[in-house]
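The structure appears right after this line, and notes come after that.
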Amino acid sequence: MVQFGFTQEQRALREAARRFAAGVLFDAAACTEREGVEFPAAVLRQMAAHGFVGLDVPVDYGGQ
């Protein structure tokens, strides 16, 4: 029987993304909405530093 599910690495990435979203993205998005300003570039840099940018882009093209 074929087992479908996440690998340990995928589960770890999912949990890291959840923590980042709860700890950083939620506040940045709320501030952006409330004050009508652009989304902070610093948050995008943090996302890149954590490896959350380019996940759906093939490695051959610079993705993860």
Side-chain angles (χ1 to χ4, degrees):
M1 176 179 272
V2 177
Q3 293 287 336
F4 293 101
F6 293 114
T7 66
Q8 182 60 33
E9 181 180 15
Q10 290 167 326
R11 286 191 296 273
L13 176 61
R14 180 180 61 187
E15 184 55 36
R18 282 183 177 161
R19 283 192 310 270
F20 185 82
V24 177
L25 286 182
F26 180 81
D27 291 338
C31 180
T32 299
E33 288 288 322
R34 184 176 53 251
E35 298 178 16
V37 296
E38 289 185 17
F39 193 79
V43 174
L44 293 175
R45 285 191 293 276
Q46 286 180 317
M47 290 172 62
H50 283 88
F52 300 141
V53 178
L55 290 171
D56 62 340
V57 178
V59 174
D60 293 345
Y61 298 103
Q64 302 276 339

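Both backbone and side-chain heavy atoms feed into the values below; hydrogens, waters and symmetry mates do not.
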query: What's the shortest heavy-atom distance between T32 and P40, and which atoms?
result: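 Taking every non-hydrogen atom into account, OG1-CD, 3.8 Å.
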- prompt: Which heavy-atom pair separates V24 from V43 by the least distance, and what is that distance?
  reply: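 Minimum heavy-atom contact is CG1-CG1, 4.0 Å.
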- request: Taking the side chain as every heavy atom from C-beta outward, state whether F39 and L25 have any atom pair closer than 4.5 Å.
  value: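 Sidechains of L25 and F39: in contact.
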- prompt: Are the side chains of Q46 and F20 in touch, meaning some heavy atoms are under 4.5 Å apart?
  reply: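 Yes, close enough: below the 4.5 Å cut-off.
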- prompt: Rounded to the nearest 0.5 Å, what separation is found between the CD atom of Q8 and the CG atom of L13?
  reply: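 These two atoms lie 11.5 Å from each other.
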R19 side, atom CZ; H50 side, atom NE2 - distance, nearest 0.5 Å: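 Output value for this atom pair is 8.5 Å.
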Using a cut-off of 6.0 Å, state whether more than 12 heavy atoms not belonging to [X] lie near its atom [atom1].
X   : atom1 : result
E35 : CD    : yes
F26 : CZ    : no
Q10 : CD    : yes
E33 : CD    : no

